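Worksheet: the structure to be examined is printed underneath.
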4 protein chains.
Amino acid sequence: MKGGGKMKRNAKETEKKILEAAIGIFSKKGFSAATTSEIAKAAGVAEGTIFKYYPKKKDLLHTAMKEAIHLFVASMAVDSLKKVIKEKKEAPIEELLKAVIVDRINFLENQGPLIKVIFYEMQFHEDLRELFLEKLSENITQIVPQILQERKEKGEIKNIDSMVAIRSFIGMILAMIFQRQFIPQINKIEPMEEIDLIVDIFLNGIKR
Amino acid sequence: MKGGGKMKRNAKETEKKILEAAIGIFSKKGFSAATTSEIAKAAGVAEGTIFKYYPKKKDLLHTAMKEAIHLFVASMAVDSLKKVIKEKKEAPIEELLKAVIVDRINFLENQGPLIKVIFYEMQFHEDLRELFLEKLSENITQIVPQILQERKEKGEIKNIDSMVAIRSFIGMILAMIFQRQFIPQINKIEPMEEIDLIVDIFLNGIKR
Amino acid sequence: MKGGGKMKRNAKETEKKILEAAIGIFSKKGFSAATTSEIAKAAGVAEGTIFKYYPKKKDLLHTAMKEAIHLFVASMAVDSLKKVIKEKKEAPIEELLKAVIVDRINFLENQGPLIKVIFYEMQFHEDLRELFLEKLSENITQIVPQILQERKEKGEIKNIDSMVAIRSFIGMILAMIFQRQFIPQINKIEPMEEIDLIVDIFLNGIKR
Amino acid sequence: MKGGGKMKRNAKETEKKILEAAIGIFSKKGFSAATTSEIAKAAGVAEGTIFKYYPKKKDLLHTAMKEAIHLFVASMAVDSLKKVIKEKKEAPIEELLKAVIVDRINFLENQGPLIKVIFYEMQFHEDLRELFLEKLSENITQIVPQILQERKEKGEIKNIDSMVAIRSFIGMILAMIFQRQFIPQINKIEPMEEIDLIVDIFLNGIKR
DNA sequence: TATGAATGAGTGTTCATTCAT
DNA sequence: CATGAATGAACACTCATTCAT
């Protein structure tokens with residue numbers, strides 16, 4: 001009846017619960033349609049508590065976005081990919097690309113909601129858009145060319161614009177993921193078979 | 001004390017103005033963040049007028065979506081593409097594909113906002129999602145395979161799954177459009193050059 | 001498409017249709033909950049037409065009320081009752097009272113909706129209340145005492161306050177009508193039998 | 001930019017204030033004509049606060065009705081009357097009836113607004129009507145016959161249908177109350193005198 | 001005279017935000 | 001620190017009323 005806390009006292013944990021609940025709701029309904037009361041319920045805190053940590057609703061979005069950007073850009077473009085690339089440095093390029101695809105599919109399956117929020121809200125919030133794209137382009141221009149550079153030098157692949165090549169590859173994969181997610185009924189072949197096929201098309205496409 | 005009639009009287013036109021304003025606002029801010037007062041202002045009508053034509057705000061979205069679906073699915077997948085394909089039937093496949101890309105870029109430039117609305121809101125509204133995907137998968141499964149069939153028979157290209165090939169091609173194009181829209185600064189080559197390159201990669205990828 | 005009338009042109013008739021539709025709707029939902037659009041539809045006219053005849057919605061109510069008051073007060077308290085009383089002047093008083101009851105039940109069955117509107121809206125609109133009660137009290141004080149005066153003089157009934165007696169009788173009848181309308185299931189005896197019983201109670205009650 | 005909490009915190013009290021304000025306004029203007037903004041002002045709360053307790057305006061009516069029904073049916077038909085009847089069990093029947101009338105007048109004077117709401121809105125809302133009448137008829141059929149039964153057995157009064165007798169008595173009283181409320185100017189005798197007269201009429205009417 | 005498209009003040013309702021406890 | 005009752009600006013939506021045709 002009196003005001004005051006009941007649950008465990010762990011500010012960091014509470015903050016995290018709120019942020020995670022917010023990401024969940026944002027990804028289900030979008031930022032505008034999500035309500036703070038809903039988020040509070042999902043986080044298991046009182047509505048007022050949210051505002052101790054995030055004075056404005058938009059702060060929730062910003063924090064989520066910053067985390068997402070870090071995850072998406074740093075993790076996606078850098079860490080994870082770098083790892084794959086390094087591990088497979090000596091492997092045939094087919095194997096490298098397949099590993100990349102599988103890695104990306106896993107990434108999207110785990111970080112899907114967050115990614116969704118990024119892409120949805122980026123459209124509407126100039127500040128977020130800039131933040132995201134700045135980070136992204138920074139990393140992309142650094143990392144992407146390296147991936148194919150070595151192979152080009154070895155003469156395995158054509159001397160084409162690396163960005164275009166990589167981006168095309170990404171487009172193929174995303175199109176596959178998107179289609180398998182939303183219109184799975186039109187598929188006639190198995191996922192692994194499909195991955196092979198995509199890699200095959202891509203490699204034939206760019207090889208000398 | 002209450003309002004009265006003033007402006008021109010043309011129901012059909014008013015309805016259209018409202019719908020167009022709505023699509024514009026929806027695509028700028030998303031459905032939830034858009035307000036009817038804002039839409040009214042953009043349409044140049046009183047707020048109450050909107051509700052004569054669209055009793056619920058969601059009706060605006062639904063109507064926009066139905067129109068969008070018709071445009072996107074029927075027009076995109078069928079009419080326009082069919083035309084391109086027929087016109088270029090005897091042309092080399094490179095030319096066909098380039099024509100398709102240019103046609104799609106034009107389409108997206110003109111119908112961009114509408115398309116954006118579709119993809120945003122589809123995520124959140126089950127009913128819209130079903131409506132869209134049903135139409136889309138219907139058409140895709142009919143049209144897409146025809147595009148490559150002939151070339152396969154002539155032995156120009158590999159005997160691979162047409163859906164995967166086409167989808168990969170679409171993915172490449174969309175990735176290009178998306179990147180050029182949002183991170184244009186990382187581009188090093190000219191659009192037409194890029195189109196040539198994409199077609200080249202794709203054709204090499206699938207040719208026998 | 002162009003503005004302009006289609007139907008018969010008969011102002012008086014149109015006006016009447018509107019008023020009747022209004023009374024119907026008012027009695028179904030009350031004045032406030034009734035909408036002019038609903039009334040227009042029920043009257044078979046365009047919404048704007050209503051305001052040619054009744055510039056304000058309240059005018060509809062006022063006109064209905066005036067008609068109702070005329071009907072209810074003049075007709076109920078005066079004409080109809082007078083007629084019954086005159087016809088049965090020489091009849092035994094039991095017969096007179098039964099005739100009155102039957103007459104009143106008929107009246108209410110025919111004029112029910114209008115009566116309902118009177119009693120409902122009277123509560124909220126001071127002006128209507130005054131109009132109604134003024135008329136009513138005028139007539140009641142003139143008519144009511146005459147009904148029993150003669151019988152009193154003949155020594156058939158006690159020399160009690162006529163108003164109280166008559167009002168009690170009216171109360172008995174209205175209670176019967178109300179109960180039969182809303183809780184008919186609790187009745188054990190037939191209507192005519194019940195009328196006999198009420199008259200019997202009343203007459204025994206007032207007889208010397 | 002948006003509001004904040006200020007006043008005392010007592011949910012139960014706030015809820016009650018709102019309900020009472022609502023009953024007051026409903027009884028003054030009817031449900032439809034009452035506005036939530038008006039109710040909020042009368043209750044001394046912000047408009048939004050109302051909806052924390054009663055998510056829909058109609059919920060206010062329903063809650064008021066349920067309370068009213070309980071009060072009216074349970075209290076009126078059962079508790080209060082039972083008490084009177086028990087207290088006066090050995091008293092002459094005249095005294096019993098007078099006590100009943102006085103008790104009822106007091107009841108209506110105190111609960112008037114609530115009762116008014118019941119009778120108004122019952123006409124328009126099927127659900128309320130059913131709720132009310134169900135409760136009412138349940139109780140009436142249980143309580144009413146008991147009132148006269150004993151007297152019948154003692155041979156003091158005729159062996160007539162108890163329901164009709166009681167209802168007639170209620171009708172007489174309500175007619176008195178109604179008339180005294182709305183057309184007080186036509187009265188020539190004092191209230192207590194009038195009560196005596198009504199009881200006299202009724203008793204003579206039903207005595208053997 | 002009748003129409004019905006258009007109006008806009010006003011209604012019920014929502015929700016981010018505040019603050020006494 | 002956390003609560004949740006309270007707030008009020010803003011929203012979707014209604015409806016009596018006006019007026020060009």
Side-chain angles (χ1 to χ4, degrees), chain A residues 1-11 14 34-40 45-58 60, chain B residues 1-11 13-15 32 34-40 45-58, chain C residues 1-11 14 34-40 45-58 60, chain D residues 1-11 13-15 32 34-40 45-58:
Chain A
M1 276 288 143
K2 307 266 188 60
K6 265 164 253 165
M7 294 248 163
K8 298 200 204 75
R9 297 304 164 76
N10 192 325
T14 304
T35 69
T36 49
S37 117
E38 199 177 5
I39 292 168
V45 301
E47 207 170 346
T49 305
I50 290 181
F51 294 90
K52 286 273 180 256
Y53 296 93
Y54 305 93
K56 305 270 158 202
K57 187 191 173 192
K58 240 205 164 187
L60 266 173
Chain B
M1 193 158 279
K2 306 272 174 72
K6 250 165 269 175
M7 290 248 166
K8 300 216 199 65
R9 296 310 146 86
N10 192 326
E13 219 168 80
T14 304
E15 189 172 352
S32 278
T35 68
T36 50
S37 113
E38 200 177 3
I39 293 169
V45 301
E47 202 168 349
T49 305
I50 290 180
F51 295 92
K52 283 269 185 284
Y53 297 94
Y54 304 93
K56 305 269 160 207
K57 187 189 171 194
K58 240 207 163 185
Chain C
M1 278 286 141
K2 306 266 190 62
K6 265 165 251 169
M7 292 249 165
K8 295 200 209 75
R9 299 303 164 77
N10 192 326
T14 304
T35 68
T36 49
S37 116
E38 201 176 3
I39 293 169
V45 301
E47 208 170 344
T49 306
I50 290 181
F51 294 89
K52 286 275 181 259
Y53 295 95
Y54 304 93
K56 304 270 158 202
K57 188 190 173 193
K58 241 206 162 186
L60 265 174
Chain D
M1 196 157 278
K2 305 275 175 72
K6 248 163 271 176
M7 291 247 165
K8 300 214 198 68
R9 296 308 146 86
N10 191 326
E13 218 169 82
T14 304
E15 188 172 354
S32 277
T35 68
T36 49
S37 113
E38 201 178 3
I39 292 169
V45 301
E47 202 168 350
T49 305
I50 290 181
F51 294 92
K52 282 268 184 285
Y53 297 94
Y54 304 93
K56 304 269 159 203
K57 187 189 171 195
K58 240 205 163 185

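Keep in mind the model is a prediction, meaning the values are calculated, not measured.
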Legend entry - Side-chain N,O (A/K52) to OP1/OP2 (F/dC1) below 4.0 Å: no
Legend entry - Interatomic distance, B/F51 CZ vs E/dA5 P [rounded to whole Å]: 17 Å
Inset, instruction - Begin with the C-alpha distance, continue with both residues' side-chain angles, and end with the deciding distance and a verdict on side-chain contact (heavy atoms from CB on, under 4.5 Å) for D/E15 and D/Y54. - result: CA-CA 9 Å; D/E15 188 172 354; D/Y54 304 93; 3.2 Å; yes
Inset, instruction - Starting from P on E/dA5, measure out to CD on B/E15 and report it in whole angstrom. - result: 11 Å
Inset, instruction - Side chain of A/T35 only, please: which of E/dT7, E/dT13, E/dC15 is the nearest? - result: E/dC15
Inset, instruction - Tell me whether the OP1 or OP2 atom of E/dA16 has a side-chain N or O from A/T36 closer than 4.0 Å. - result: yes
Inset, instruction - Without swapping roles, check the side chain of D/E13 against the backbone of D/N10 for a donor-acceptor pair under 3.5 Å. - result: no
Inset, instruction - Locate the shortest heavy-atom distance separating B/T36 from B/I50; write the atom from each residue and the value. - result: O-CD1, 3.3 Å
Inset, instruction - Write down the distance between CD (D/E38) and P (E/dA9), rounded to a whole number of angstrom. - result: 20 Å
Inset, instruction - May I ask you to say what C/Y53 touches in the nucleic acid, namely base, sugar-phosphate or nothing, with a heavy-atom cut-off under 4.0 Å? - result: sugar-phosphate
Legend entry - 5'-most by nearest nucleotide on DNA chain E - A/P55 or D/Y54: D/Y54
Legend entry - Residue met sooner reading DNA chain F from 5', once C/K58 and A/G48 are mapped to nucleotides: A/G48
Legend entry - Spacing of B/E47 atom CD relative to F/dC15 atom C1', expressed in whole Å: 14 Å
Legend entry - Distance, rounded to the nearest Å, where C/K57 contributes NZ and F/dT14 contributes P: 15 Å
Inset, instruction - Mind checking A/A40 for me? I need base, sugar-phosphate or nothing, with any heavy atom below 4.0 Å counting as a touch. - result: nothing
Legend entry - Per A/V45 side chain, nearest of listed nucleotides F/dT3, F/dC13, F/dA6: F/dT3
Inset, instruction - Report the distance from atom CG of A/L60 to atom P of E/dT17, rounded to the nearest whole Å. - result: 10 Å
Legend entry - Value in whole Å for how far the C1' atom of F/dT21 lies from CD of B/E13: 16 Å
Legend entry - DNA chain F: 5'-proximal contact among C/A34 and D/I50 (nearest heavy atom): D/I50
Legend entry - Non-hydrogen atoms of D/A40 and D/E47 that approach each other most closely: CB-CA, 3.6 Å
Legend entry - For E/dT18, the Watson-Crick or wobble counterpart (both distances under 3.5 Å): F/dA5
Legend entry - Separation of atom NZ in D/K56 from atom C1' in F/dA12, rounded to whole Å: 11 Å
Inset, instruction - Could you check whether C/T49 gets within reach of a base, just the sugar-phosphate, or nothing at all, counting any heavy atom under 4.0 Å? - result: base
Inset, instruction - Could you tell me which non-hydrogen atom of B/K57 sits nearest to which non-hydrogen atom of B/A34, and how far apart they are? - result: NZ-O, 2.8 Å
